[in-house]
**Student:** 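Please read through the structure below; I'll follow up with questions.
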Amino acid sequence: MKVKVEKKSILDIEADAIVVNLFEGVKNPAGVTGIVDKAYKKIISDYVIKQEKFEGKYGEIYVLPLVKENKKIYVLGLGKSDEFDFVKIRNLNAKLIKQLNSKKNIKKVVSILHGAGIAGLCPENCAQMITEGIISGLYCFDKYKSEKKEINVKEFVIAEIDDDKFKKAKKGVEKGLIVAKSVNGARDLINESAQYLYPETLADYAVKNSGVKTTVYNKNQIKKMGMNAFLAVGQGSVHEPKLIHMEYIPEKKAKKKIAIVGKGITFDSGGLDLKPPASMLTMKDDMSGAAAVIETMKAISQLKPNVEVHAIVATCENMPSGSSYKPGDVIVAKTGRTIEIDNTDAEGRVTLADALAYAEELGVDEIIDIATLTGACMVALGTVASGIMGNDDGKIKEFISIAKQAGEKFWQLPMDEEYGNSLKSDIADTKNTGGRMGGASAAGIFLSKFIAKTPWIHIDIAGTAYLDKANAEGIKNASGVGVRSLIKYIAG
Ligand code: BES
Ligand code: MG
Ligand code: ZN
């Protein structure tokens, strides 16, 4: 589908559907909705509002057929004007596009630039959110379905007559397309079965799609780098582990250097500490952090921020077999620290220990890791907010606030030293786990032991990466969480 902005009046663009909007309680629409109302003999104010009692509540969509013209007007309820924000624009457009696309005869749509009129929001961001809503709202994983979803809507035009807003909206659409494609790319990777997506195929995907220089290291090379913790987790699988390093170097001197590290367990069976069936069922999603950083790089390669970005994925499969790592094993990690394996299902942190150490060796100014790390985080925060912690409070707060603008929720979890008490080992420097209580924080403390001095943020997306019920955007299964926030944090 094509999304574009045209510098014309909404009335001068031929389309099968015209999209306007209404804030809650408005009786006499102003702005562009007012113009459409007048052009169609006050049909919105006299009929939709007065007779049909359309109130403009957030999320309501009134469909008004114009029989003679053979088109329809879609009136979107924006809700209370003081509660309106960018995320609502995106989610509403995600809902709208599903409805539009279900009609076979709607091929071309023209829409208001929601939010940029009376609400006075930034036109660029409004256009970006409309575009994201449309492109990521229509997402569907139908690769293995005989009947594919049909995309009936071929063209979505945003009408904006004001020159300045038009220019800004054009930029917003471009950005929106880049972000939405990365979000959808991450969803595709996560929804893919572990039968097809394993370390080698994930690495191939990164080489072909990250848009930046990508180096893949094999088992022998990883061994030479001393990444024994990472290798231990993968040693029970028939698939060889891979270390993926993607790098984006800006043309001008970078204002900062950042590393993003994604957990890349392509399937987490739990290993010898095997998961019960219900918990194992969705564990193809255990590479959601990896998907997020690969797709963030894809967007970064197009948005070209003045920041040097390294993305690291230590990817392997956690399987039970005769060669698996075992409870009680002691492993010497890359930093030299020894880890006693208490539970083979706490594998993500063991791979990340080495991935974080690798990232720190690059001499970056900050490190962000993103991982489906703990069931405990899911229990604490559900599927709404992702957990966030780290060693730099200022950076954590900054990330949370930027993510909010991108429409993703994060909640800071404590990192008090005491949460690490359960990790004390009798025979090694640390155990990889020490029980279920405070599990998200304990995992965070474990990771912190493998970072010497670099400012670091840890994001736990165990609860938010894979959804069994549709979210506000109407998305089920892989959500693509993290992509939007990482892109916004790095590239604005
Ligand atoms: N991949 C899981 C965490 C997870 C749980 C992700 C649910 C998504 C949804 C992780 O590797 C894991 O198994 N963690 C264990 C740790 C425990 C053994 C200390 C957990 O949370 O149960
Ligand atoms: Mg596990
Ligand atoms: Zn895992």
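Note that the numbering runs from 1 along the sequence shown for the chain. For the numbers below, each heavy atom of this structure counts, side chains included, while hydrogens, waters and symmetry mates do not. First listed ligand is number 1; within each ligand, the first listed atom is number 1. None of these values were measured; they are calculated from a predicted model.
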**Student:** What heavy-atom pair brings R187 and S136 nearest, and what distance separates the two atoms?
**Tutor:** NH1-O, 2.8 Å
**Student:** Between K397 and Q412, is any side-chain donor less than 3.5 angstrom from a side-chain acceptor?
**Tutor:** yes
**Student:** Report the residue from R484, K88, K95 that forms a salt bridge (charged side-chain N to carboxylate O under 4.0 Å, His left out) with E473.
**Tutor:**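 Answer to the salt bridge (charged side-chain N to carboxylate O under 4.0 Å, His left out) test with E473 among R484, K88, K95: R484.
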**Student:** How far apart are the closest heavy atoms of A259 and A359, and which atoms are they?
**Tutor:**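 Looking at all heavy atoms of both residues, the shortest contact is CB-CB, 4.0 Å.
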**Student:** Considering only the protein, which heavy-atom contact is closest to atom 17 (C) of ligand 1, and what is its distance?
**Tutor:**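 The closest heavy atom on the protein side is A346 CB, 4.4 Å.
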**Student:** Does the pair D342/K431 count as a salt bridge with the N-to-O cut at 4.0 Å?
**Tutor:** yes
**Student:** Is it true that, when you exclude K256 itself, more than 12 heavy atoms of the residues, nucleotides or ligands shown sit nearer than 6.0 Å to its NZ?
**Tutor:** yes
**Student:** When you compare ligand 1 with G348, is there at least one nitrogen or oxygen pair between them that comes in under 3.5 angstrom?
**Tutor:**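 G348 vs ligand 1: no N/O contact under 3.5 Å.
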**Student:** Taking the Mg ion (ligand 2) as the center, what protein N, O or S atoms are found at less than 2.8 Å?
**Tutor:** D268 OD2, D345 O, D345 OD1, E347 OE1
**Student:** Return the residue, atom name and 0.1 Å-rounded distance of the protein heavy atom closest to atom 7 (C) of ligand 1.
**Tutor:**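 The protein heavy atom lying closest is M378 CE, 3.4 Å.
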**Student:** Among I265, T433, V379, which one has a heavy atom closest to atom 19 (C) of ligand 1?
**Tutor:**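 The nearest heavy atom belongs to T433.
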**Student:** May I ask you to check if ligand 1 and E347 share an N or O to N or O distance below 3.5 Å?
**Tutor:** yes
**Student:** Tell me whether D286 contacts the main-chain N or O of T266 through its side chain, where contact means a donor paired with an acceptor under 3.5 Å.
**Tutor:**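 Not a single qualifying donor-acceptor pair exists.
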**Student:** Need the ligand 1 atom indices (1-based, order shown) with element for anything under 4.0 Å from a heavy-atom of T372.
**Tutor:** 1 (N), 2 (C), 3 (C), 6 (C)
**Student:** With the side chain counted from C-beta on, respond yes when F230 and L243 share a heavy-atom pair under 4.5 Å apart, and no when they do not.
**Tutor:** yes
**Student:** At under 4.0 Å between heavy atoms, which part of D273 makes contact with ligand 1: side chain, backbone, both or neither?
**Tutor:**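 The answer is neither.
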**Student:** State, without any angle test, whether Y144 and E192 hold a side-chain donor-acceptor pair at a distance under 3.5 Å.
**Tutor:** yes
**Student:** Answer yes or no for M283: is there a heavy-atom contact with ligand 1 below 4.0 Å?
**Tutor:** yes
**Student:** Restricting to N/O/S, name the atom of D286 that gets closest to the Zn ion (ligand 3).
**Tutor:** OD2
**Student:** Is any side-chain heavy atom of P250 closer than 4.5 Å to a side-chain heavy atom of E308?
**Tutor:**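 Contact flag for P250/E308 side chains = yes.
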**Student:** Parallel, tilted or perpendicular, judged at 30° and 60°: which one describes the rings of H310 and H245?
**Tutor:**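 H310 vs H245 ring planes: tilted.
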**Student:** Is the closest N or O pair between D345 and ligand 1 shorter than 3.5 Å?
**Tutor:** yes
**Student:** Side chain, backbone, both or neither: which part of M287 comes within less than 4.0 Å of ligand 1 when only heavy atoms are counted?
**Tutor:**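 It is neither part, as no heavy atom is under 4.0 Å.
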**Student:** With only distance considered, is D286 within less than 3.5 Å of ligand 1 through an N or O on each side?
**Tutor:** yes
**Student:** According to the interplanar angle, ranging from 0 to 90°, do the rings of F450 and F446 count as parallel (below 30°), tilted (30 to 60°) or perpendicular (above 60°)?
**Tutor:**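 The rings of F450 and F446 sit tilted, inter-plane angle from 30° to 60°.
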**Student:** So, regarding D285 and ligand 1 (criterion: nitrogen or oxygen to nitrogen or oxygen, under 3.5 Å), is there a contact or not?
**Tutor:**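 N/O-N/O distance under 3.5 Å: no.
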**Student:** Using a strict 4.0 Å cut-off to heavy atoms of K263, name the atoms of ligand 1 that fall inside it.
**Tutor:** 1 (N), 10 (C), 11 (O)
**Student:** Among D268, V233, L373, which one has a heavy atom closest to atom 14 (N) of ligand 1?
**Tutor:**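 Checking each option, the heavy atom nearest atom 14 (N) of ligand 1 is found in L373.
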**Student:** Starting from atom 21 (O) of ligand 1, locate the nearest protein heavy atom and write down its residue, its atom name and how far away it is, to 0.1 Å.
**Tutor:**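 Going atom by atom, the protein heavy atom closest to atom 21 (O) of ligand 1 ends up being G375 N, 2.6 Å.
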**Student:** Using only heavy-atom distances, determine whether the side chains of Q128 and E132 contain a donor-acceptor pair under 3.5 Å.
**Tutor:** yes
**Student:** Please confirm if an N, O or S atom belonging to K263, backbone or side chain, lies less than 2.8 Å from the Zn ion (ligand 3).
**Tutor:**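 Checking K263: at least one N, O or S atom is under 2.8 Å.
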**Student:** Within the structure, does N343 bring an N/O atom to less than 3.5 angstrom of an N/O atom in ligand 1?
**Tutor:**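 In fact, backbone or side chain, N343 has no N or O that close.
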**Student:** Identify which one of I400, I457, D460, T464 satisfies the side-chain contact (heavy atoms from CB on, under 4.5 Å) criterion when paired with F410.
**Tutor:** I400
**Student:** With a 4.0 Å cut-off on N to O distance, would you call E200 and K242 a salt bridge?
**Tutor:**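 Looking at K242 together with E200, the answer is no, because their closest N to O distance does not fall below 4.0 Å.
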**Student:** Report the angle formed at the Zn ion (ligand 3) by atom OD2 of D268 and atom OE2 of E347, rounding to the nearest 10°.
**Tutor:** 90°
**Student:** Can you see which heavy atom on K149 is nearest to which on L138, and at what distance?
**Tutor:**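 Scanning both residues completely, I find the closest heavy atoms to be NZ-O, 3.2 Å.
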**Student:** Could you identify the single nearest non-hydrogen protein atom to atom 16 (C) of ligand 1 and state the distance to 0.1 Å?
**Tutor:** R349 NH2, 3.9 Å
**Student:** Should the proximity of K275 to ligand 1, defined as any heavy atom under 4.0 Å, be assigned to the side chain, the backbone, both, or neither?
**Tutor:**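 Answer for K275: side chain.
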